[in-house]
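Written out below as structure tokens is the structure these notes cover.
Just follow the structure's listing: the first ligand is 1, and inside any ligand the first atom is 1. Owing to the predicted nature of the structure, the values given are computational and were not obtained by experimental measurement. All values below were derived from every heavy atom in this structure, side-chain atoms included, with hydrogens, water molecules and symmetry-related copies excluded.
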Amino acid sequence: MAKMWAGRTDGATEKIADDFNSSIRFDCRMYQEDIKGSMVHAAMLAQQNILTQDDADTLIAGLEGILQDLDDGNLTIDMECEDIHMFVEAVLTERLGDVGKKLHTARSRNDQVALDVRMYLRSQIDEISALVKELVVAITDKAEAYKDAIMPGYTHLQRAQPITFGHHLMAYAMMLLRDLGRLADTRKRLNQSPIGCCALAGTTYDTDRYFEAEHLGFDGICMNSLDGVSDRDFCVELMSAISILMMHLSRFSEEIILWSSWEFKFIELSDAYTTGSSIMPQKKNPDMAELVRGKTGRVYGDLMALLTTLKGLPLAYNKDMQEDKEAVFDACDTVKMCLQVFAPMVATLTANRENMLLAAQKGFINATDLADYLVKKGMPFRSAYKISGQLVAYCIQNNTVLENLPLETYLCYSELFADDLYNEISLKTCVEKRISQGGTSVASVEQQIQYVKEALV
Ligand code: ARG
């Protein structure tokens with residue numbers, strides 16, 4: 001196929017080299033950004049008297065037509081082209097003749113691709129953020145419904161202290177709020193326009209980079225042309241933010257998987273978000289959560305792939321950088337798929353209050369509160385801690401729980417014990433008294449829900 005860049009060479013490359021070199025398979029998804037960028041470029045060239053207004057109008061109308069035809073499916077992208085930039089220019093020239101060849105004045109594919117990727121990822125960030133918000137809403141709604149459902153809180157996966165299911169869920173809402181912050185930060189740094197950096201050194205034409213930046217919704221321009229065409233930090237940064245987000249989804253998935261097991265039976269996922277086994281009729285598998293957990297590894301891989309590609313690259317543009325797109329597109333596609341299934345999976349799950357409470361009643365998770373009871377009666381914490389531990393040991397030996405020990409037994413360990421201890425160590429009291437900010441009491445969880453709701457608007 002004749003190359004647009006034939007000149008220095010005859011452009012007669014081998015088919016296998018063309019296929020290897022080509023990026024149109026994956027950069028075709030940026031056709032809208034590419035065309036919009038070109039329309040603004042043509043307008044800028046006219047404003048600066050680099051092109052006549054007539055030529056610019058013709059180019060803009062031609063580009064508009066291509067955009068329309070691609071949107072409507074009346075034009076198919078030719079996969080034989082090297083990349084989306086070449087394809088659009090080829091169609092334009094085919095439709096307009098020589099005027100089409102004027103579009104690429106004062107521009108290079110190096111700044112063009114940097115522009116397209118930034119614009120594309122900007123809208124990806126907006127889409128991902130909207131999906132994260134939907135998940136946060138699903139979580140806070142669930143937390144509201146279960147703000148008084150007592151369950152064991154764990155450390156080392158050992159029952160530790162009583163908490164509520166609502167409190168536990170709200171921990172994930174907080175993580176996701178930070179993820180939203182990271183996405184917003186990335187967007188801010190990404191939103192600088194590289195167009196006009198040209199191949200690497202800028203241009204001798206009297207261009208107006210601010211005009212293009214402004215018309216394409218950027219906050220400013222990349223201030224060094226070498227950097228503008230070589231910077232892929234924004235891809236790395238976005239994939240880092242997505243990796244952290246996936247890490248959160250993966251931890252949540254792991255708990256959903258555990259909680260769904262017969263060993264826990266704390267929650268039941270809706271049938272719509274589980275699968276059966278082809279051989280074991282009793283199975284109800286949390287496949288969605290497992291896949292999210294699994295795909296987290298894939299997203300980390302995308303991040304590592306690009307970091308490794310960029311490491312050691314000299315300035316300015318190198319073809320290696322074409323590898324940015326598949327990685328970052330895959331990370332965006334994957335996290336969006338995960339979020340789309342995660343939010344309704346959370347929204348439709350039900351918690352088994354009885355089983356959670358049952359689990360909370362075992363494991364002596366009120367032992368801290370028993371120690372605190374003695375502290376409040378004047379005993380130093382370390383001594384109280386010891387007595388509480390001895391009472392737990394006594395219970396284990398006698399196959400009972402703290403709530404069921406008679407007062408006489410308590411009195412053998414300390415004179416400070418009295419009848420009010422039973423209320424003090426009831427799980428409900430343990431939860432209700434944890435009114436510290438961020439704590440597990442219903443009032444504290446309500447505050448957390450309110451905080452998240454306000455952060456979302
Ligand atoms: N397809 C290329 C990429 O994705 C576009 C830039 C090509 N530039 C070049 N000098 N060959 O990076």
Side-chain angles (χ1 to χ4, degrees), residues 1-38 41 70 77-93 101 103-124 190 193-203 212 216 222 224-236 238-239 302 305-333:
M1 187 188 183
K3 299 294 184 309
M4 222 173 271
W5 40 259
R8 161 79 168 78
T9 70
D10 62 6
T13 44
E14 286 292 345
K15 166 100 175 65
I16 193 167
D18 281 348
D19 291 346
F20 186 63
N21 197 38
S22 155
S23 56
I24 197 154
R25 252 184 5 269
F26 45 85
D27 63 24
C28 59
R29 65 161 83 186
M30 308 189 299
Y31 78 84
Q32 291 178 335
E33 288 76 12
D34 194 74
I35 295 173
K36 284 176 192 157
S38 289
H41 186 64
L70 284 171
I77 295 177
D78 178 4
M79 291 294 156
E80 294 302 309
C81 281
E82 189 180 326
D83 53 33
I84 189 64
H85 329 294
M86 292 296 207
F87 168 76
V88 172
E89 202 181 323
V91 177
L92 193 67
T93 306
K101 297 181 186 169
L103 175 65
H104 211 52
T105 313
R107 161 174 104 159
S108 153
R109 269 185 302 156
N110 297 351
D111 57 345
Q112 193 178 349
V113 72
L115 176 77
D116 293 1
V117 179
R118 282 179 193 249
M119 286 171 64
Y120 181 80
L121 292 184
R122 196 169 61 183
S123 51
Q124 290 301 301
L190 168 153
S193 166
I195 196 71
C197 291
C198 301
L200 75 162
T203 179
E212 293 187 86
L216 293 170
C222 302
N224 177 291
S225 61
L226 293 164
D227 180 47
V229 291
S230 308
D231 170 23
R232 295 291 183 276
D233 295 8
F234 57 90
C235 298
V236 174
L238 177 54
M239 281 190 283
D302 291 328
L306 186 61
L307 274 174
T308 313
T309 297
L310 294 175
K311 174 185 174 297
L313 277 192
L315 298 181
Y317 178 82
N318 301 274
K319 191 74 171 197
D320 315 43
M321 288 156 71
Q322 181 165 287
E323 290 291 311
D324 60 355
K325 285 173 278 303
E326 280 168 295
V328 73
F329 293 169
D330 184 67
C332 291
D333 293 349

- Query: Which of the atoms of ligand 1 are close to Asp83, meaning less than 4.0 Å from one of its heavy atoms?
  - Reply: 1 (N), 2 (C), 5 (C)
- Message: Is it the case that ligand 1 has an N or O less than 3.5 angstrom from some N or O of Tyr317?
- Response: yes
- Item | Residue, atom name and distance, where the atom is the protein heavy atom closest to atom 1 (N) of ligand 1 | Gln322 OE1, 2.8 Å
- Are any of the side-chain nitrogens in Arg232 or Asp320 under 4.0 Å away from the carboxylate oxygens of its partner? no
- Pairing of Arg25 and Glu326 as salt bridge, 4.0 angstrom limit: yes
- Does Glu82 come within less than 4.0 Å of ligand 1, judged by its heavy atoms? no
- Query: Once you round to the nearest 0.5 Å, how far does NZ of Lys15 lie from CZ of Phe20?
  - Reply: 14.0 Å
- Task: Flag the pair Asp27 and Arg109 as a salt bridge only when some basic side-chain nitrogen lies within less than 4.0 angstrom of an acidic carboxylate oxygen.
- Result: no
- Task: Provide, to 0.1 Å, the distance between atom 11 (N) of ligand 1 and the closest protein heavy atom, together with that atom's residue and name.
- Result: Arg109 NH2, 3.6 Å
- Message: Keeping Asp111 on the side-chain end and Gly196 on the backbone end, is there a donor-acceptor pair under 3.5 Å?
- Response: yes
- Message: Determine whether Met30 and Lys325 satisfy the following criterion, side-chain contact (heavy atoms from CB on, under 4.5 Å), listing intermediate values before the conclusion.
- Response: CA-CA 10 Å; Met30 308 189 299; Lys325 285 173 278 303; 3.8 Å; yes
- Note on the structure: Ranked by distance from atom 8 (N) of ligand 1, the top protein heavy atom is Asn110 OD1, 2.9 Å
- The closest protein heavy-atom partner of atom 4 (O) of ligand 1 is Lys325 NZ, 2.6 Å
- Query: Is the shortest N/O to N/O distance between His85 and ligand 1 below 3.5 Å?
  - Reply: no
